[in-house]
Amino acid sequence: MHQSIAFLSTDDLEDYFVWDNLLIQPFSQHGVHVDVISWHAIDIDWSQYDAVIVRSTWDYQEHADAFIDKLIEITKHDTVLINPLSLMQWNISKRYLQILQTQGITIIPSVFFDSVAISDIYAQFAYFDTQEIIIKPLISANSDNTFRLDHTNLMAQAGPLSNIFSTTPCVIQPFLDSVINEGEYSLFYFNGEYSHTIRKVPKSGDFRVQEEHGGELITVIPDERQLSAAAKVLAALPEKSLYARVDLIRNPRAQKDDIWQLMEVELIEPSLYFNMDEASPERFVQATLNYLA
Ligand SMILES: Nc1ncnc2c1ncn2[C@@H]1O[C@H](COP(=O)(O)OP(=O)(O)O)[C@@H](O)[C@H]1O
Ligand SMILES: [Mg+2]
């Protein structure tokens with residue numbers, strides 16, 4: 001059987017790590033040809049592809065409406081958009097964390113705002129009983145516009161913060177030191193099956209774990225508690241996904257059963273780290289074939 005798939009990418013990947021090339025050969029061994037196409041490209045006949053898989057669309061968060069419009073356009077063609085459009089629409093704003101929380105998922109303690117004044121941000125130190133907080137846009141990736149704040153640097157950055165967050169919906173959380181001491185864990189699931197796990201540790205002096213910001217990646221084996229926290233998140237998603245990445249962080253102040261807290265579940269995710277687990281490309285290819293069957 002000959003099939004053809006498009007990986008949705010972007011125009012300029014120069015500043016990013018992309019490991020999707022590791023999928024091309026295993027797909028080809030299963031008779032599947034892959035084209036890589038920027039989501040900015042126009043006049044593409046998407047129906048020539050059995051499926052369009054959102055992969056390295058790294059700048060989507062800067063043009064979220066145009067990105068969703070492009071996804072909608074793709075679904076009007078005779079092809080399968082992966083992940084499903086409605087799942088990606090659900091996932092594009094971190095508001096979904098609030099929904100998951102009502103379903104019993106343990107997320108990092110969070111307060112959500114459509115817009116904030118500096119005084120609202122300031123009030124969160126007392127609310128969370130913490131010396132440091134983090135503020136991030138609800139639509140974000142790659143730690144864009146994400147700020148780690150204590151009382152002093154909040155005041156020092158009041159200008160830029162109020163420029164951004166007076167009009168940008170955001171979430172504020174206590175800053176969890178464990179991101180620095182231990183890192184953030186990403187557990188990958190392909191077509192509902194567990195694949196692999198990595199731990200991401202920021203470079204010295206930074207709090208952002210992404211390798212684009214100098215973070216270090218380590219392949220690890222998750223413990224039972226992490227696996228069960230991630231599986232619970234997967235089960236709570238509104239639809240089946242071809243790929244899901246569950247990002248967990250330790251909150252040492254939480255009760256024993258709630259120690260592993262959800263940072264994000266990524267369903268529009270460029271980084272699946274196929275380079276970190278030798279068998280993961282084949283697992284992904286097999287999962288795609290099963291998903292499409
Ligand atoms: N509550 C938190 N405590 C400590 N670090 C955080 C916290 N929230 C986010 N971070 C850091 O900021 C990064 C970006 O936040 P995240 O929620 O993953 O947004 P995105 O990846 O969509 O930009 C995380 O990978 C982590 O390094
Ligand atoms: Mg993240």
Side-chain angles (χ1 to χ4, degrees), residues 87 90-91 93-113 116 120-121 123-138 140-141 143 146-150 169-189 192-202 207-210 215 217-239 241 243-267 269 271 273:
L87 192 58
W90 179 88
N91 190 234
S93 160
K94 292 190 199 321
R95 282 261 181 215
Y96 69 80
L97 288 168
Q98 230 173 357
I99 301 171
L100 290 177
Q101 187 174 35
T102 63
Q103 291 174 241
I105 301 296
T106 307
I107 65 169
I108 302 174
S110 302
V111 186
F112 297 83
F113 295 93
V116 274
D120 300 319
I121 306 178
Q124 304 314 313
F125 293 110
Y127 178 76
F128 289 122
D129 184 21
T130 184
Q131 294 300 313
E132 281 192 289
I133 54 173
I134 196 150
I135 180 167
K136 40 194 174 180
L138 290 184
S140 181
S143 301
T146 298
F147 296 82
R148 172 187 181 182
L149 301 170
D150 58 20
C170 68
V171 54
I172 302 181
Q173 301 173 333
F175 180 84
L176 301 177
D177 275 338
S178 48
V179 77
I180 290 170
N181 310 329
E182 183 176 5
E184 176 185 312
Y185 292 79
S186 291
L187 289 80
F188 303 89
Y189 291 82
E193 307 257 337
Y194 171 75
S195 174
H196 60 297
T197 301
I198 62 169
R199 182 159 67 91
K200 301 173 289 181
V201 187
F207 67 91
R208 301 164 305 176
V209 297
Q210 290 89 352
L217 311 180
I218 306 142
T219 304
V220 296
I221 297 180
D223 68 21
E224 284 305 319
R225 282 225 175 88
Q226 290 170 309
L227 278 171
S228 102
K232 212 171 144 187
V233 173
L234 205 70
L237 298 183
E239 275 179 84
S241 54
Y243 62 79
R245 188 181 108 193
V246 181
D247 289 346
L248 301 175
I249 184 165
R250 186 192 297 268
N251 185 344
R253 284 170 78 174
Q255 298 290 326
K256 209 165 98 195
D257 288 340
D258 288 336
I259 276 205
W260 290 107
Q261 304 196 329
L262 184 64
M263 167 92 68
E264 304 188 82
V265 51
E266 298 270 25
L267 304 165
E269 180 47 54
S271 301
Y273 298 103

Show your working on side-chain contact (heavy atoms from CB on, under 4.5 Å) between Ile180 and Arg148 and close with a plain yes or no. CA-CA 12 Å; Ile180 290 170; Arg148 172 187 181 182; 3.4 Å; yes
Residues Tyr127, Ile133; criterion side-chain contact (heavy atoms from CB on, under 4.5 Å); working and verdict: CA-CA 10 Å; Tyr127 178 76; Ile133 54 173; over 6 Å; no
Applying side-chain contact (heavy atoms from CB on, under 4.5 Å) to Tyr194 and Leu234, what does each step give before you reach the verdict? CA-CA 10 Å; Tyr194 171 75; Leu234 205 70; over 6 Å; no
Give the intermediate values and the outcome of side-chain contact (heavy atoms from CB on, under 4.5 Å) for residues Thr106 and Leu262. CA-CA 6 Å; Thr106 307; Leu262 184 64; over 6 Å; no
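Looking only at side-chain heavy atoms (C-beta outward), Asp150 and Gln131 stay at 4.5 Å or farther from each other. Within the 4.5 Å cutoff, side-chain heavy atoms of Phe112 are placed close to those of Leu97. The shortest distance between side-chain heavy atoms of Leu237 and Trp90 falls below 4.5 Å.
Nearest heavy-atom pair across Leu187 and Pro222 is CD2-CB, 4.0 Å. The minimum heavy-atom distance between Ile134 and Phe175, with the atom names listed, is CD1-CD1, 4.0 Å. Of all heavy-atom pairs between Tyr189 and Ala231, the closest is OH-N, 3.9 Å. Closest approach of Phe188 to Ser271, counting heavy atoms only: CE2-O, 3.6 Å. Of all heavy-atom pairs spanning Thr146 and Ser140, the tightest one is OG1-OG, 4.4 Å. Contact detail for Val201 and Arg199: the closest heavy-atom pair is CG2-NH1, 3.7 Å.
Within the structure, no pair that satisfies the side-chain hydrogen bond (donor to acceptor under 3.5 Å, both in side chains) test touches residues 219-234, not counting sequence neighbours. Within the structure, the side-chain hydrogen bond (donor to acceptor under 3.5 Å, both in side chains) test picks out the following pairs touching residues 171-188 (sequence neighbours left out): Ser110-Gln173, Lys136-Gln173, Glu182-Tyr185, Glu182-Arg250, Glu184-Lys200, Ser186-Lys200, Ser186-Arg245, Ser186-Asp247.
Within a 6.0 Å radius of CD in Gln98, other residues, nucleotides and ligands contribute more than 12 heavy atoms.
Separating the CG atom in Leu87 from the CG atom in Leu267 is a distance of 4.5 Å, to the nearest 0.5 Å. Between atom CD1 of residue Ile108 and atom CD1 of residue Ile249 there is a gap of 5.5 Å, rounded to the nearest 0.5 Å. The structure places CD1 of Ile135 at 8.0 Å from CZ of Phe147, a figure rounded to the nearest 0.5 Å. Distance check: Gln261 CD to Asp258 CG gives 6.5 Å after rounding to the nearest 0.5 Å. In this structure, OH in Tyr96 is found 13.0 Å from CD in Gln103, a value given to the nearest 0.5 Å. Note that CZ of Phe128 and CZ of Arg253 are 10.0 Å apart. Values are rounded to the nearest 0.5 Å.
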